[in-house]
Amino acid sequence: MALLQIQEPGGKPARPKHRLAVGIDLGTTNSLVSARCGLKVESLPDETGECLLPSIVHYADGGQVYVGKRAKAMALVDPANTIVSAKRMLGKSLSELRTLDHYMPYEFDATRDDTAPSIMTRAGSKDPISVSAEILKVLKARAEETLNGRLEGAVITVPAYFNDAQRQQTKDAAEEAGLNVLRLLNEPTAAAVAYGLDTADQGNIVVFDLGGGTFDVSVLSLTRGVFEVLATGGDTNLGGDDFDRLFAEWLKHQAGADGLSEGEIMQCANEIKHRLSEEEAVEFTLASQAMTVTREQFAALTSEPLERAMRICRRSLRDAKLTNEEIDNIVLVGGSTRMPAVRVAVAEFFGREPLTSIDPDKVVAVGAGIQADVLIGNKSENDFLLLDVTPLSLGIETMGELVEKIIPRNTTIPVSRAQEFTTFKDGQTAMALHVMQGERESVADCRSLARFTLRGIPAMVAGAAKIRVTFQVDADGLLSVSAEETLTGAKAEIQVKPSYGLEADTIKSMLQESQEHAREDMELRSLREAKVDAIQLIDAIAGAVVADPELLEEGEEARINEAVAKLIAVLDEGSSAQLTKLTQSLNEVSGDFAARRMDAHIGRALQGERIDGV
Ligand code: AMP
């Protein structure tokens, strides 16, 4: 928390300097930057008055890099050196990219690992991070020029379904562009923030995002400033283009437009579609024929993609376990939500009007801009700090293939938690750490996030070393785990970037499974713990018998061996109660021997031997 400031006696309060921070919507097709300009947060236009920057990068002959409209013009002429939709490639391996159904006319760099795809261009090998960085650099320069100063921070939006790898690469791109990333913000959350929905105490919000080629729907729930993504759904092949295509087919049929190219008809369809968002009917000429089309006709011709979107919407609500009536607000995002038919369908479905007062192309960037302004510290008393939570618990694997949770699910981030662990075996000098995510007790039922090893632990008896493991989740949801041996300071750490996506559906099913298996998991934990205790005692006694055979009394070794054999017999099949009982018996039978060893070692310690070897 920031320290409270106290004014000098008699001095005038200094007017706080307005610090420059922007919100950036790094989109698949277009990107935008927005910032506070006076009282409002607005999207910043380029010198031609255009806010949307096509997310396209062209590596030109003379070494120049073109971004935006100029690059777009090169997409058909020189596709190999013009990168479109870099966002779709972020955080993906080459094999994953090959399974995408989007055409990618690129030559991938064969010297790169499958996990780090990169495109061969005339300017060298370019990975999706550096392509995205080029787009961000242009937006940064635009903002610094418009705002007349250096940017101190940026909030960048990402789709709600982005996994950690995709988020990390977005962050890397921003850093490469010289931006200080204040936070990555989910796109639907940003849209809700733009409408000020976060200031309510609670509510359920649907963000309906229909762009040119993709459809995304997110169901959010807000409780005391914390947004939670309850469900996401969508279709990467559903958008305005489908409306254009269906309408173009009709036009072709009506006008018998033989003399026109496919491109010309598509363009005509797109223009009429846009005009029909403003006018009830449009008159136009195609292939020298005068024609009229009404809004109603257009809606009837293009009903299929809209019905598909509404079905996805219904499914997402079901996933979120909410009914239409439980939704308090619907936010429209994406150019295609300007179509009156879309607004009507949404209003009918939810039984209330969607929020439309902010330009649907800019609403995400505006929300990000508002958030950036708050995070950089330009906030007034009634402003807020947007909170986020960990969707699943984070923990570490312990003996018995069990998971010890360190940060429970639903903890507000950023957060840092530490816990001490110790060694299992005498003389153990290294510790394998396995970072886990999930609610279940067994390693096999949770997600593995990362593994690393702490070395350099001084050799001690089992249980004597102290290893402090710290979990830290930053404001962007990225996890750092460190392990430190407290005596020597030996340390190892890892940043977790899991390569597999954690979809909202996965979270939901993981939570559901943990509830269904709660009892069974508890039993499994107590069984495995009992087994770990048994093995540890058996190992310790075996070591002690070898180390101090002279301290055993007549017949004692046989009695101990008998108890050990009984315990070993139930080790694999026994119940937790049996294991606990027989471990206890072994403890009793060997108790005197252990006490004699302790006395002997203390005696020797007084004469100079180290006691930690016992
Ligand atoms: P976006 O990807 O959000 O930029 O959305 C672009 C899509 O929105 C394209 O399919 C456009 O044709 C469509 N679009 C933009 N403005 C309008 C409008 N006024 N009426 C209908 N569709 C529009």
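Computation of the quantities below employed the complete heavy-atom set of this structure, encompassing side-chain atoms and omitting hydrogens, waters and symmetry-equivalent molecules. Start at 1 and go down the list; that is how both ligands and their atoms are numbered.
Every atom of ligand 1 with a heavy atom of G334 under 4.0 Å away is listed here by number and element: 3 (O). Less than 4.0 angstrom separates some heavy atom of S336 from each of these atoms of ligand 1: 7 (C), 8 (O), 10 (O), 13 (C). Close contacts between ligand 1 and N270 involve ligand atoms 12 (O) [criterion: under 4.0 Å to a heavy atom].
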Open item on the list: One pair to check against salt bridge (charged side-chain N to carboxylate O under 4.0 Å, His left out): R122 and D78. What are the steps and the verdict?
Closed with: CA-CA 11 Å; R122 65 162 65 85; D78 185 8; 3.1 Å; yes

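Using a distance-only test at 3.5 Å, with no hydrogens or angles considered, a donor-acceptor pair links the side chain of S336 to the main chain of G211.
Taking any N or O of H274, backbone or side chain, at least one lies under 3.5 Å from an N or O belonging to ligand 1. Residue T29 places no N or O, backbone or side chain, under 3.5 Å from any N or O of ligand 1. Considering backbone and side-chain atoms alike, G335 places an N or O below 3.5 Å from some N or O of ligand 1. Considering backbone and side-chain N/O of G212, one or more are found under 3.5 Å from N/O of ligand 1. At under 3.5 Å, a nitrogen or oxygen of S277, whether backbone or side chain, sits near a nitrogen or oxygen of ligand 1.
The neighbour count for E326 CD, taken as heavy atoms of other residues, nucleotides or ligands under 6.0 Å away, is above 12.
The protein heavy-atom contact nearest to atom 22 (N) of ligand 1 is K273 CE, 3.5 Å. Closest to atom 19 (N) of ligand 1 among all protein heavy atoms lies R338 CD, 3.4 Å.
Considering only heavy atoms from C-beta on, K92 stays 4.5 Å or farther from P117 through its side chain.
Taking the centre and axis of the six-membered ring of Y66, the NZ or CZ atom of R70 falls inside the cone set by 45° and 6.0 Å.
Remark: E187 engages K87 in a salt bridge, criterion side-chain N to carboxylate O under 4.0 Å. A salt bridge does not link K252 with E249: every distance from a Lys NZ or Arg NE/NH1/NH2 to an Asp or Glu carboxylate oxygen is 4.0 Å or more. Looking at R338 and D361, a side-chain N of the basic residue comes within less than 4.0 Å of a carboxylate O on the acidic one, giving a salt bridge.
Only the side chain of N30 comes within 4.0 Å of ligand 1, counting heavy atoms alone; its backbone N, CA, C and O stay farther away.
Taking all heavy atoms of D361, D241, D244 into account, the minimum distance to atom 4 (O) of ligand 1 is reached by D361.
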